[in-house]
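For reference, the structure is listed below as structure tokens.
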Amino acid sequence: MTVERQKRGGLLKPKRYTRFYTAKMIKRPIGRAVFILAAVLCGLTVPLILMLALRTDPEIAEWWSTHIEAGWERFAGTLTSWLPFSVTELGIVCLIGLGIFFYVRLIVNLGRAKFLSVLTGALSIGVGVVYMFNLYVMSMAFAYYRAEMPIPQSDKKYDAEGVKTVVEYFLADYNNLAATLPRDKNGCVECPYTFSELAERIKVEYAKLTDEYFNQYTPTAKPVVNSWFMSQMLITGMTFLPMGEATVNNAAPPTTRTLTLAHELAHTKGVFREGDANILARYILLSSDDGYLRYCGYYYAFDNLLEAFVLNDDIPSYLLYDRLVDSRVYNEKWFASEYWQSQWDPIGQIAEFFNNWYLESNGAQNGTGSYDDGNQSEVVTPTDPSTGEPERDPETDKPVRIIYYSQVQKMFFAIYESKNKLS
């Protein structure tokens, strides 16, 4: 209803009348865009829920990983490899910028009571997020539920003397490399290659894997420009197969960068469980003919081999051979420890929280503890069921000790047997 004023008898009086509204004159309370966005959001949610439900089936996970995920990785990796920078890093920077932009718009629209705009913006963000989740699950999430990874493992029974032979063999090579490889001012072994050369050398090592379990395509790993921020978050690398990329923190100490590069490329081979990726990365480095790569493998795995002495209840040998490791190795480890301790702890704790949640959501019940899967060893002392006393060896009269070496230790034994052509 409107009010008109007209002059009548010298006085202004209101004149009331009724306006007739037609359908065209009535504004819709909710725009068409809201309905479209809501429909798209629902449509994207259905395949996401379906894939999340199917990925835990080992047979489906195996087929999907070797066909769908491997195919997508080759497609996306081929495209992004043409670019000299990390598309993943660029995407993260753009997402941060978009997040700030949408946050400011949200505040402005709420202040102006533009609730329809707020709803439209929220639905738009929801569509983008669910779309990326679909792409992530399609290209990565199934591989966490695959069958066990095939990796060389020795089936031989090694006693304390056998362990000593293996340790002495690898220790000689380790100390020789530690003494001859050039070091920087921080006491760290210098990488003799550029980042791209190192990435290519590790790709060559991965090409030696012929088992069909592993993806045949290996993308080119890339350094992260904002590596300083990754260090603050205590992150050394990241693989994001929606973009077909493996990225590495280029500010980390040299040996860390090398192992991380091998670890991230292990993910691109279809190995997504963190413990498996660590074992495969160590195998690739330790079995290489390249001295620098072997040194980086020893740096992160030799301590695991020494623990085989402890399993054999040979503590004196463990202490002896631990002291025989070149002191420059321990100086390098001290520097690496100081480097990571110097990063801002609150950011690292936040990153740790989300990484732990991420791994648990992908089937790793121990979260970030899964990085150490494969290093578990065990000694079982069977008992006589009739007496409850430990069973004893009839020759030595000592309690029977059944040793279960870790995957890393059995991997060392297998490499030793291969290098020395032992059956």
Side-chain angles (χ1 to χ4, degrees), residues 149-154 156 158 163 165-184 188-211 213-221 237 246 248 253-269 271 276-306 308 321 324-326 328-329 332 374 407-423:
M149 174 186 66
I151 194 76
Q153 304 271 284
S154 174
K156 287 189 175 183
Y158 280 81
V163 169
T165 301
V166 175
V167 168
E168 288 177 347
Y169 174 83
F170 287 113
L171 179 61
D173 188 36
Y174 191 12
N175 280 341
N176 177 61
L177 294 170
T180 56
L181 289 172
R183 294 180 178 270
D184 60 21
C188 298
V189 165
E190 291 183 330
C191 179
Y193 314 112
T194 65
F195 186 92
S196 59
E197 289 172 344
L198 179 62
E200 286 302 314
R201 281 184 173 266
I202 295 180
K203 282 180 65 174
V204 170
E205 297 296 333
Y206 272 112
K208 298 176 183 178
L209 298 175
T210 57
D211 195 287
Y213 183 93
F214 304 107
N215 296 343
Q216 295 307 301
Y217 174 78
T218 308
T220 300
V248 176
T255 46
T256 303
R257 291 200 302 269
T258 303
L259 181 75
T260 300
L261 204 160
H263 175 98
E264 299 304 328
L265 287 182
H267 288 322
T268 70
K269 305 301 288 184
V271 178
D276 286 355
N278 270 342
I279 293 173
L280 184 58
R282 284 161 172 76
Y283 173 75
I284 286 296
L285 298 177
L286 289 167
S287 60
S288 173
D289 293 329
D290 186 292
Y292 173 73
L293 297 186
R294 287 203 312 279
Y295 175 84
C296 293
Y298 291 133
Y299 183 87
Y300 278 97
F302 192 74
D303 288 346
N304 302 132
L305 177 60
L306 287 179
Y321 286 96
L324 289 176
V325 175
D326 195 300
R328 281 165 284 206
V329 172
E332 184 170 2
Q407 288 182 283
V408 174
Q409 290 161 349
K410 289 191 289 185
M411 178 191 69
F412 265 107
F413 299 153
I415 295 174
Y416 170 78
E417 293 162 11
S418 175
K419 294 287 186 180
N420 292 276
K421 296 181 170 54
L422 301 176
S423 56

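As the structure is a computational prediction, the values presented were derived from the model and not from experiment. One-based numbering along the sequence shown.
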Would you say the side-chain atoms of [X] pair up with the backbone N or O of [Y], donor to acceptor, closer than 3.5 Å?
{"X": "Q153", "Y": "Q407", "answer": "yes"}
{"X": "R282", "Y": "N278", "answer": "yes"}
{"X": "Y206", "Y": "A262", "answer": "yes"}
{"X": "R183", "Y": "A178", "answer": "yes"}

Supply the atom-to-atom distance [X] [atom1] to [Y] [atom2], rounded to the nearest 0.5 angstrom.
{"X": "D173", "Y": "Y169", "atom1": "CG", "atom2": "OH", "answer": "7.0 Å"}
{"X": "L177", "Y": "Y298", "atom1": "CG", "atom2": "OH", "answer": "6.5 Å"}
{"X": "F214", "Y": "K208", "atom1": "CZ", "atom2": "NZ", "answer": "14.5 Å"}
{"X": "D211", "Y": "K269", "atom1": "CG", "atom2": "NZ", "answer": "11.5 Å"}
{"X": "T255", "Y": "E332", "atom1": "OG1", "atom2": "CD", "answer": "4.5 Å"}
{"X": "Q409", "Y": "N304", "atom1": "CD", "atom2": "CG", "answer": "7.0 Å"}

### Message
Please verify the inter-ring angle class for F170 with F412; under 30° counts as parallel, over 60° as perpendicular, anything in between as tilted.
### Response
perpendicular
### Query
Which word best sums up how the rings of H263 and H267 line up, parallel for under 30°, tilted for 30 to 60°, or perpendicular for over 60°?
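Plane angle over 60°, so perpendicular.
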### Query
T256 and Y300: side-chain donor and acceptor closer than 3.5 Å?
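Result is yes, a qualifying pair exists.
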### Query
Do Y292 and T258 have side-chain atoms, one donor and one acceptor, less than 3.5 Å apart?
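T258 and Y292 do have a side-chain donor-acceptor pair below 3.5 Å.
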Are [X] and [Y] packed together at the side-chain level, in the sense that at least one heavy-atom pair is separated by less than 4.5 angstrom?
{"X": "Y174", "Y": "V329", "value": "yes"}
{"X": "R257", "Y": "L261", "value": "no"}
{"X": "L285", "Y": "Y299", "value": "no"}
{"X": "Y283", "Y": "V408", "value": "no"}

Shortest non-hydrogen contact from [X] to [Y]?
{"X": "S288", "Y": "E205", "value": "OG-OE2, 3.0 Å"}
{"X": "Y193", "Y": "L198", "value": "CB-N, 3.8 Å"}
{"X": "P150", "Y": "Y213", "value": "CD-CG, 3.5 Å"}
{"X": "D290", "Y": "R201", "value": "OD2-NH1, 3.1 Å"}
{"X": "K203", "Y": "L265", "value": "CG-CD1, 4.2 Å"}
{"X": "T220", "Y": "E200", "value": "OG1-OE2, 4.0 Å"}

### Query
Applying the side chain to side chain contact (heavy atoms under 4.5 Å, CB included) test to D184, which of P254, P253, C191 qualifies?
P254
### Task
Could you check I202, V204, T268 and say which one makes a side chain to side chain contact (heavy atoms under 4.5 Å, CB included) with T218?
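Single pass found, and it is T268.
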### Task
Check step by step if side chain to side chain contact (heavy atoms under 4.5 Å, CB included) holds for L209 and I284.
CA-CA 9 Å; L209 298 175; I284 286 296; 4.3 Å; yes
